[in-house]
Visitor: 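Can you read through this structure? Questions will come right after.
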Amino acid sequence: MENADNNLILSVKGVSKSFPGVKALDSVSIDCRRGSVHGVVGENGAGKSTLMKILSGVYTKDSGTVVFDGNVIEQTTPIQSLKRGLSIIYQEFNLVNTLTVGENIFLGRFSEMKGMRNIHKKARELLDSIGSAISTHRVVGELSAAEKQMVEITKALSFNSKLIIMDEPSSSLTADELKRLFAIIGDLRKKGVTIIYISHKLDEIFELCDIVTIIRDGKVIDTKPIGDLTRGEMIAKMVGREIENEFPPRPHCAGDTLMEVKTIRTRKLKDISFELKKGEILGLVGLVGAGRTEIIRAIYGADKAKELRILINGRLADTKKPRKAMVEGIGLVPEDRKLEGLVLPFSVQANIAMASLPRISRFGFINRSKEKDISDRQIKNLAVKTPSPHTKVVNLSGGNQQKCIMGRWFEINPDILILDEPTRGIDVGTKYEIYLLIKEIAERGGSVIMISSELPEVLAMSNRVLTICEGRITGEFNPESDSVYDIMNAAIG
């Protein structure tokens, strides 16, 4: 029988890492057992990603020891980590969209595979081993998020990985795709592969993991078997305070009709019409691909519509372009904050002040003093954690990046703020802060349209819910009195 040390695939002892002005990790210790699913949770900026990047060779630790599969690892590179059997699947997939599935799986190893025929043959065997029917000849850019996830897992297995780190693997998956991912993780566990599973979705942590490590402010707060923790205890340890409820009390401020969507028609949307009241939070519920995002992008002028007729305060509004929608008093926090919401190489200051440029610039020149005032005001109001207003926004955690986008709109106070997946990839504590901001918008007379794939979130925050299925509105519900069953029944048609 193996001793306790032989049962460990990974042992991290006293690892620390500092960046200029920030101690990201402070004497962190974690042990992972072979064939287990080890959850790692914590707020954005807690140090989870820094630790994983040290393990995978992206960063070098300042101090401490790392033992992987019985070998002390002093310095390593991503390639060396892969060859040792330690793989990481990032939230943003590390794939080349213009290459095929087979080419992506063996990228950088073409010569050792001795020809493209062997590449596709071996890739097929690996995909079959996880029950995936994806063709190895398909171009990766054509795949869904779930299919790309399968390719990433297969790529990790192609290195005979003994430990796979999964960073927010479910952020873009549907419920059925998530079940498939869980089944694959279960099969990997049976084969003795260890999974480190990082997620802000606590339901997944409780369903999937054997043990969980909680990190806060760069320190390990606790490591326990999942059965020894309640959801409330886990949240309190993550955020450093008790949160009695995950959602604040729902505001009840709805007044007169503010916006009337008379019709929206696109290739996907069929005669969409609804009303939005002042001070109301209106939730849109539907499966992925139902048309929720297409509706709000058409309203904001981000997507072209065949027919679009909107009244705001009884007057026909021109929202055919985002710039015109802004003039009409509409703001949008898009689904993909990195691709569509932020200019990543720009500073926090520049990103927050972006919607205010018409009033702080003249003849193409920005008044930097006014830009700084706006940034300072919103950093303080929204408690944005940043070393400086001049820090590049790409270096902030996901939650603080989202606050920068929210601050941009808070500064100009639009009549209507559209939020598409406002808390995706954000920790429990920061989620609660964003819920309070949404509540504040409604209480001061603004209106909110909210899309979320997390049904409890949209039902807890909304005054009224519209269900969307196959490009049509299929129902209107009061989330306080109508059953979840009826709402989901309408959402799936």
Visitor: Any side-chain heavy atom of Ile54 within less than 4.5 Å of one from Lys17?
Guide: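 Ile54 reaches Lys17 side chain to side chain.
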Visitor: Checking side-chain contact (heavy atoms from CB on, under 4.5 Å) for the pair Met406/Glu433: CA distance, chi angles, key distance, verdict?
Guide: CA-CA 11 Å; Met406 298 282 281; Glu433 292 174 6; over 6 Å; no
Visitor: Does any non-hydrogen side-chain atom of Arg189 lie less than 4.5 Å from one of Asp210?
Guide: yes
Visitor: Under a 4.5 Å cut-off applied to non-hydrogen side-chain atoms, are Leu208 and Ile185 in contact?
Guide: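 The answer is yes, as the side chains (C-beta and beyond) meet within the 4.5 Å cut-off.
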Visitor: Do Val220 and Ile214 come close enough that some side-chain heavy atom pair is under 4.5 Å?
Guide: no
Visitor: Mind listing the closest non-hydrogen atom pair of Met150 and Ile130 along with its distance?
Guide: O-CD1, 3.9 Å
Visitor: Below 4.5 Å, heavy atoms only, C-beta onward: do Leu163 and Ile196 meet side chain to side chain?
Guide: yes
Visitor: Using the side-chain contact (heavy atoms from CB on, under 4.5 Å) rule, take Phe106 and Asn118 through it: C-alpha gap first, then chi angles, then the decisive distance, then the call.
Guide: CA-CA 10 Å; Phe106 291 101; Asn118 270 347; over 6 Å; no
Visitor: Within the 3.5 Å criterion, strictly below it, is a donor on Thr293 or Asp420 matched to an acceptor on the partner's side chain?
Guide: yes
Visitor: Please report the shortest heavy-atom distance between Cys209 and Tyr197, naming the atom on each side.
Guide: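 Smallest heavy-atom distance, with atoms named: SG-CB, 4.2 Å.
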Visitor: Between Asn104 (side chain only) and Val96 (backbone N and O only), is there a donor and an acceptor less than 3.5 Å apart?
Guide: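 Such a contact is found between Asn104 side chain and Val96 backbone.
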Visitor: By the definition salt bridge (charged side-chain N to carboxylate O under 4.0 Å, His left out), identify the one residue from Arg84, Lys83, Arg34 that meets it with Asp69.
Guide: Arg34
Visitor: Is there a donor in the side chain of Glu457 and an acceptor in the side chain of Thr423, or the other way round, less than 3.5 Å apart?
Guide: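 Note: Glu457 and Thr423 side chains meet the donor-acceptor criterion.
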Visitor: Looking at Glu294 and Gly471, would you say the former's side chain and the latter's main chain have a donor-acceptor pair under 3.5 Å?
Guide: no
Visitor: Would the distance check show the side chain of Glu147 and the main-chain N or O of Ile134 forming a donor-acceptor pair, the cut-off being under 3.5 Å?
Guide: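 Flag not set: sc Glu147 to bb Ile134 has no pair under 3.5 Å.
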Visitor: Would Asp128 and Arg124 satisfy salt bridge (Lys or Arg N to Asp or Glu O under 4.0 Å), going step by step from the backbone distance to the final call?
Guide: CA-CA 6 Å; Asp128 288 343; Arg124 180 74 270 145; 3.2 Å; yes
Visitor: Using atom types as modelled and distance alone, determine if a side-chain donor or acceptor of Glu152 lies under 3.5 Å from a backbone N or O of Asn94.
Guide: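 Judged by distance alone, yes, a pair lies under 3.5 Å.
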Visitor: Near Lys321 NZ, under 6.0 Å, is it more than 12 heavy atoms from other residues, nucleotides or ligands?
Guide: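 No - once you tally the heavy atoms of other residues, nucleotides and ligands closer than 6.0 Å, there are 12 at most.
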Visitor: Testing the basics here: between Leu99 and Leu107, what is the closest heavy-atom pair and its distance to 0.1 Å?
Guide: CD1-CD1, 3.6 Å
Visitor: Answer yes or no for Lys155 and Phe159: cation-pi contact, defined as NZ/CZ to six-membered ring centre under 6.0 Å and angle to ring axis within 45°.
Guide: no
Visitor: Using a distance-only test with no angle check, is there a side-chain donor-acceptor pair under 3.5 angstrom linking Ser273 and Thr263?
Guide: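 Thr263 and Ser273 do not have a side-chain donor-acceptor pair below 3.5 Å.
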Visitor: Around Gln75, counting heavy atoms of other residues, nucleotides and ligands shown, do more than 12 lie under 6.0 Å from its CD?
Guide: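 Atom CD in Gln75 is not crowded, with 12 or fewer foreign heavy atoms closer than 6.0 Å.
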Visitor: Report, as yes or no, whether the 6.0 Å neighbourhood of atom CZ on Arg267 holds more than 12 heavy atoms from other residues, nucleotides or ligands.
Guide: no
Visitor: Any side-chain heavy atom of Thr50 within less than 4.5 Å of one from Phe19?
Guide: yes
Visitor: Do Arg231 and Ile235 come close enough that some side-chain heavy atom pair is under 4.5 Å?
Guide: yes
Visitor: As an exercise, state the distance from NZ of Lys392 to CZ of Phe346, rounded to the nearest 0.5 Å.
Guide: 10.5 Å
Visitor: Could you check whether any side-chain N or O of Ser462 sits under 3.5 Å from a backbone N or O of Val465, counting only pairs where one atom can act as donor and the other as acceptor?
Guide: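 Not a single qualifying donor-acceptor pair exists.
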Visitor: Over all heavy atoms of both residues, which pair between Ile438 and Ile281 is shortest? Give the atoms and the distance, please.
Guide: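 That would be CG2-CD1, 3.7 Å.
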Visitor: If you draw a 6.0 Å radius around NZ in Lys190, do more than 12 non-hydrogen atoms from other residues or ligands fall strictly inside?
Guide: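 Counting neighbours around NZ of Lys190, 12 or fewer heavy atoms of other residues, nucleotides or ligands fall under 6.0 Å, so no.
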Visitor: CG of Asp217: more than 12 outside heavy atoms within 6.0 angstrom?
Guide: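 Counting neighbours around CG of Asp217, 12 or fewer heavy atoms of other residues, nucleotides or ligands fall under 6.0 Å, so no.
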Visitor: Any idea which heavy atoms bring Pro414 and Gly331 closest together, and the distance?
Guide: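 Taking Pro414 first and Gly331 second, the nearest heavy atoms are CB-N, 4.0 Å.
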Visitor: I'd like to know whether Glu340 forms a salt bridge (Lys or Arg N to Asp or Glu O under 4.0 Å) with Arg297, so could you lay out the CA-CA distance, the side-chain angles of the two residues, the decisive distance to 0.1 Å, and finally the verdict.
Guide: CA-CA 12 Å; Glu340 299 178 327; Arg297 286 179 64 86; 3.2 Å; yes
Visitor: Nearest 0.5 Å please: distance from the NZ atom of Lys431 over to the NE2 atom of His200.
Guide: 8.0 Å
Visitor: Would Ile295 and Ile468 count as a side-chain contact (heavy atoms from CB on, under 4.5 Å) here? Give the steps.
Guide: CA-CA 10 Å; Ile295 290 173; Ile468 319 295; 3.8 Å; yes
Visitor: Is the shortest heavy-atom distance from the side chain of Ile418 to the side chain of Ile330 under 4.5 Å?
Guide: yes
Visitor: Which pair of non-hydrogen atoms, one from Thr474 and one from Cys469, has the smallest distance, and what is that distance?
Guide: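 Smallest interatomic distance, heavy atoms only, reads CG2-CB, 3.7 Å.
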Visitor: If the plane angle is over 60° it's perpendicular, under 30° parallel, otherwise tilted; pick one for His120 and His137.
Guide: parallel
Visitor: What is the distance from atom CG of Leu181 to atom CD1 of Ile153, rounded to the nearest 0.5 Å?
Guide: 5.0 Å
Visitor: Is the backbone N or O of Lys237 less than 3.5 Å from a side-chain atom of Arg216, with the two atoms forming a donor-acceptor pair by type?
Guide: yes
Visitor: How long is the span from the CZ atom in Phe182 to the CG atom in Leu178, to the nearest 0.5 Å?
Guide: 4.0 Å
Visitor: With no hydrogens and no angle check, do the side chains of Arg180 and Ser132 hold a donor and an acceptor under 3.5 Å apart?
Guide: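 Arg180 vs Ser132: no donor-acceptor pair found between side chains.
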Visitor: Check this for me: does any side-chain nitrogen of one of Asp31 and Lys13 sit under 4.0 Å from a carboxylate oxygen of the other?
Guide: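 Salt bridge present between Asp31 and Lys13.
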Visitor: side-chain contact (heavy atoms from CB on, under 4.5 Å) for Leu466 and Val285? Distances and angles first, verdict last.
Guide: CA-CA 6 Å; Leu466 301 179; Val285 172; over 6 Å; no
Visitor: Report yes or no: does Asp486 contribute a side-chain atom to a donor-acceptor pair with the main-chain N or O of Asp482 at less than 3.5 Å?
Guide: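 No; judged by distance alone, with no hydrogens or angles, the pair does not exist.
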Visitor: How long is the gap from CD1 on Ile449 to CZ on Arg292, to the nearest 0.5 Å?
Guide: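 Reported value, rounded in 0.5 Å steps: 13.5 Å.
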Visitor: Would you tell me whether Glu168 and Tyr90 have side-chain atoms, one donor and one acceptor, within less than 3.5 Å of each other?
Guide: no
Visitor: Side chain of Lys403, backbone of Leu382: donor and acceptor closer than 3.5 Å?
Guide: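 Yes; judged by distance alone, with no hydrogens or angles, the pair exists.
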Visitor: Ignoring hydrogens and angles, state whether a donor on the side chain of Ser81 or Ser56 is under 3.5 Å from an acceptor on the partner side chain.
Guide: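 No, no side-chain donor-acceptor contact under 3.5 Å.
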Visitor: As an exercise, state the distance from CD1 of Ile487 to CG of Leu455, rounded to the nearest 0.5 Å.
Guide: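 Ile487 atom CD1 to Leu455 atom CG measures 7.0 Å (nearest 0.5 Å).
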Visitor: Hey, is CD on Glu470 packed in by over 12 heavy atoms from elsewhere, all under 6.0 Å?
Guide: no
Visitor: Side chain of Thr100, backbone of Glu103: donor and acceptor closer than 3.5 Å?
Guide: yes
Visitor: Are side-chain N/O atoms of Thr194 and His38 paired as donor and acceptor at under 3.5 Å?
Guide: no
Visitor: Give a yes or no on whether the backbone of Pro169 and the side-chain of Gln149 come within a donor-acceptor separation of less than 3.5 Å.
Guide: yes
